[in-house]
Protein chains: 2
Amino acid sequence: MITFTEENYLKNLLLLSMEHEGVSVLMLSKKLGIKMPTVTSMMKKFAVKGFVNFSPYKQITLTASGKSEALLVLRKHRLTETFLTRVMGIGWEEVHSIAEQIEHIQSPLFFGKMDEMLHYPETDPHGEPIPTKEGVLIQQPKMRLSACRVGETVRLTGVNDSSKEFLTFLNSKGLKPGVRGKIEHVEPYDSSLTIICGDRKEVLSKTIADKVLVELM
Amino acid sequence: MITFTEENYLKNLLLLSMEHEGVSVLMLSKKLGIKMPTVTSMMKKFAVKGFVNFSPYKQITLTASGKSEALLVLRKHRLTETFLTRVMGIGWEEVHSIAEQIEHIQSPLFFGKMDEMLHYPETDPHGEPIPTKEGVLIQQPKMRLSACRVGETVRLTGVNDSSKEFLTFLNSKGLKPGVRGKIEHVEPYDSSLTIICGDRKEVLSKTIADKVLVELM
DNA sequence: TTAATTTGTTAGTCTAATCTAACTTTATTA
DNA sequence: TAATAAAGTTAGATTAGACTAACAAATTAA
């Protein structure tokens with residue numbers, strides 16, 4: 001049996017390896033908020049269990065088995081976020097921390113029912129794709145808002161930071177997954193960016209624009 | 001912060017103390033499936049935390065603080081069972097084991113939404129009362145089916161055993177919370193009992209009738 | 001009331017998951 | 001390339017929650 005803690009390591013390992021080719025102990029340590037020696041020893045354990053390829057001072061990569069376990073956790077997480085938002089009417093800035101807990105429930109029946117009630121959704125309320133029951137994840141190409149140019153029209157599809165604080169901030173600017181916007185201006189001096197969404201015009205700092213992910217339209 | 005494990009001890013302590021005045025280490029040990037020395041040491045810890053009154057070789061009783069924590073866990077459990085049955089359409093024999101996990105989620109918002117969606121239910125699908133947010137539990141008087149006499153009409157309100165096996169067995173006999181029945185016969189030889197529910201007539205052994213709780217009508 | 005049984009406790013061990021301190025390897029930079 | 005900084009590991013400690021073995025108290029029965 002796979003523990004709560006192990007599921008957490010696996011999920012975060014997967015998330016990191018989707019953004020970077022090869023994950024370091026430091027990166028995982030920061031992401032989990034767990035000190036490096038602890039991560040090192042967990043990775044040794046994972047190597048024995050066959051979840052990762054790992055040798056000292058080298059990068060960590062998920063094996064097929066580790067990836068498939070991780071995808072299941074990610075599926076449970078994203079399915080839960082979708083359920084909390086669409087069925088229970090909980091704000092998208094609140095669902096993340098609840099889903100972090102529910103994702104560790106062991107009950108295929110429970111998650112099967114969720115899936116059914118949601119009519120087998122393909123993306124979660126943050127715009128992220130939900131892995132299938134078979135562990136297939138269709139990753140649509142996405143870019144940082146900060147990498148967009150003046151005149152481009154984009155759709156907000158995700159974020160790099162799921163903290164409640166950040167999501168609440170985005171909400172206050174009218175920015176949620178699915179929202180479309182046009183880049184009106186990029187200030188060369190500080191790379192801050194002006195975007196028009198519907199009837200709102202918002203100025204976002206580079207720090208913010210780095211954390212907002214979009215699809216070009 | 002109260003842990004997953006502690007919540008489990010508290011909830012089961014409450015359940016036992018609702019049936020018996022004063023709970024023994026052995027009883028709690030059996031209920032939790034945890035060996036007696038482990039229970040003893042947890043009770044020492046609980047005494048320090050102020051959750052129980054406990055001195056060696058004496059019965060365990062919950063303090064006001066322990067009881068109120070326990071009632072909150074019980075509330076989460078029963079609210080969840082109701083939600084799983086009524087909103088998600090999961091069979092009442094399946095919900096128990098899922099609720100055992102969800103009851104440990106820390107999110108007033110999540111359980112508040114559940115409560116709202118269910119229109120503030122007073123009983124769970126097993127017929128058990130749900131403690132209020134304020135920690136008040138209205139216990140209706142109930143008796144074992146095995147203690148009923150011929151000719152009495154009863155309503156099934158609960159069970160003594162929430163295992164899936166037992167609940168599935170009851171289901172197969174058409175026995176669910178809310179179902180009414182009339183005692184047709186009690187066999188003196190083995191105390192087995194014949195009950196008429198709607199158009200069905202079922203013979204239940206003493207072992208079964210002991211685990212079925214009813215209200216007289 | 002003594003013996004046997006049941007219940008409960010003590011003492012010590014184990015595992016999972018965390019930590020800090022100290023050291024080593026790898027990468028960066030002067 | 002040698003010094004410094006960053007990243008990673010080793011070793012050892014800690015805590016929570018579980019266990020077994022052995023002993024002690026309380027209860028029950030002979």
Side-chain angles (χ1 to χ4, degrees), chain A residues 1-14 16-17 19-62 66 69-70 73 100-101 103-106, chain B residues 1-14 16-17 19-62 66 69-70 73 100-101 103-106:
Chain A
M1 251 293 283
I2 186 160
T3 69
F4 192 108
T5 308
E6 287 174 336
E7 283 196 337
N8 253 328
Y9 275 87
L10 284 169
K11 186 190 71 176
N12 286 287
L13 211 32
L14 176 65
L16 286 172
S17 62
E19 300 261 305
H20 315 80
E21 202 52 52
V23 177
S24 69
V25 170
L26 184 66
M27 279 160 62
L28 188 51
S29 162
K30 279 181 176 158
K31 180 120 195 182
L32 289 166
I34 282 171
K35 292 290 187 293
M36 289 177 66
T38 311
V39 172
T40 299
S41 68
M42 188 60 89
M43 288 310 102
K44 284 184 180 172
K45 191 172 117 186
F46 273 17
V48 172
K49 285 201 170 196
F51 289 155
V52 298
N53 301 114
F54 178 62
S55 37
Y57 302 103
K58 294 276 153 47
Q59 300 284 83
I60 308 155
T61 54
L62 282 166
E69 291 290 350
V73 184
E100 289 278 303
Q101 300 178 67
E103 72 192 9
H104 304 293
I105 301 290
Q106 301 295 337
Chain B
M1 251 295 282
I2 187 159
T3 68
F4 191 110
T5 307
E6 287 175 334
E7 282 196 337
N8 253 328
Y9 275 87
L10 284 169
K11 185 190 71 178
N12 286 286
L13 211 34
L14 177 65
L16 286 172
S17 61
E19 300 260 307
H20 315 81
E21 202 52 54
V23 177
S24 69
V25 170
L26 184 66
M27 279 160 62
L28 188 51
S29 162
K30 279 181 175 157
K31 180 119 195 183
L32 289 166
I34 282 172
K35 293 291 186 295
M36 289 176 68
T38 311
V39 172
T40 299
S41 69
M42 188 60 90
M43 288 311 101
K44 285 183 180 171
K45 191 172 118 184
F46 273 17
V48 172
K49 285 201 170 194
F51 288 155
V52 298
N53 302 113
F54 178 63
S55 37
Y57 301 103
K58 293 277 155 45
Q59 300 284 81
I60 308 156
T61 54
L62 281 166
E69 291 290 350
V73 183
E100 289 278 301
Q101 301 178 67
E103 72 192 9
H104 304 294
I105 301 291
Q106 301 295 337

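Naming convention: chains lettered A, B, ... in sequence-line order (proteins, then strands); numbering from 1 in each chain.
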Heavy-atom nearest nucleotide on DNA chain C taken for A:K58 and for B:V25; more 5' hit belongs to B:V25
side-chain hydrogen bond (donor to acceptor under 3.5 Å, both in side chains) filter on B:E69, not counting sequence neighbours, yields none
Base, sugar-phosphate, or nothing: which does A:K44 touch, judged by heavy atoms less than 4.0 Å apart? sugar-phosphate
Closest non-hydrogen atoms of B:L62 and B:G66, given as atom of the first, atom of the second and distance, are CD2-C, 3.8 Å
Dot-bracket for DNA chain C, 5' to 3', Watson-Crick and G-U pairs with both distances under 3.5 Å, [ ] for crossing pairs, | for partner on another strand, reads ||||||||||||||||||||||||||||||
Identify the pairs formed between an N or O of the protein and an N or O of nucleotides 15-18 of chain D at a distance under 3.5 Å, and give each distance.
from: D:dG17; atom 1: OP1; to: B:T3; atom 2: OG1; distance (Å): 2.9
from: D:dG17; atom 1: OP2; to: B:K45; atom 2: NZ; distance (Å): 2.2
from: D:dA18; atom 1: OP2; to: B:Y9; atom 2: OH; distance (Å): 3.1

query: Heavy-atom distance under 4.5 Å between the side chains of B:H104 and A:H104, does that happen here?
result: no
So the contacted stretch of DNA chain C, first to last nucleotide with an atom under 4.0 Å from a non-hydrogen atom of chain B, runs from C:dT7 to C:dT10
Taking D:dA25, D:dC19, D:dG8 as options, the one with an atom nearest any side-chain atom of A:M36 is D:dG8
- Would you indicate what A:P37 reaches in the nucleic acid, counting non-hydrogen atoms under 4.0 angstrom: base, sugar-phosphate, or nothing? base
Rounded to whole Å, the CZ-P distance (A:F54 to D:dG8) equals 9 Å
The reported gap from OG1 in A:T3 to OH in A:Y9 (rounded to nearest 0.5 angstrom) is 9.5 Å
With a 3.5 Å cut-off and sequence neighbours excluded, list the donor-acceptor pairs that the side chains of residues 32-54 of chain A form with protein atoms.
from: A:T40; atom 1: OG1; to: A:M36; atom 2: O; distance (Å): 3.1
from: A:S41; atom 1: OG; to: A:T38; atom 2: O; distance (Å): 3.1
from: A:K45; atom 1: NZ; to: A:E6; atom 2: OE2; distance (Å): 3.4
from: A:K49; atom 1: NZ; to: A:E6; atom 2: OE1; distance (Å): 3.3
from: A:K49; atom 1: NZ; to: A:E6; atom 2: OE2; distance (Å): 2.8
from: A:N53; atom 1: OD1; to: A:T61; atom 2: OG1; distance (Å): 3.3

A:Q59 meets the side-chain hydrogen bond (donor to acceptor under 3.5 Å, both in side chains) criterion, sequence neighbours left out, with none
Taken to the nearest whole Å, OH/A:Y57 to P/D:dG8 is 10 Å
With sequence neighbours left out, the residues meeting side-chain contact (heavy atoms from CB on, under 4.5 Å) with B:E103 are B:N8, B:K11, B:V73, B:K76, B:H77, B:E100
Residue set satisfying side-chain contact (heavy atoms from CB on, under 4.5 Å) with A:Y57, at least two apart, ordered chain then number -> none
Rounded to the nearest 0.5 Å, the CD atom of B:E19 sits from the NZ atom of B:K31 at a distance of 7.5 Å
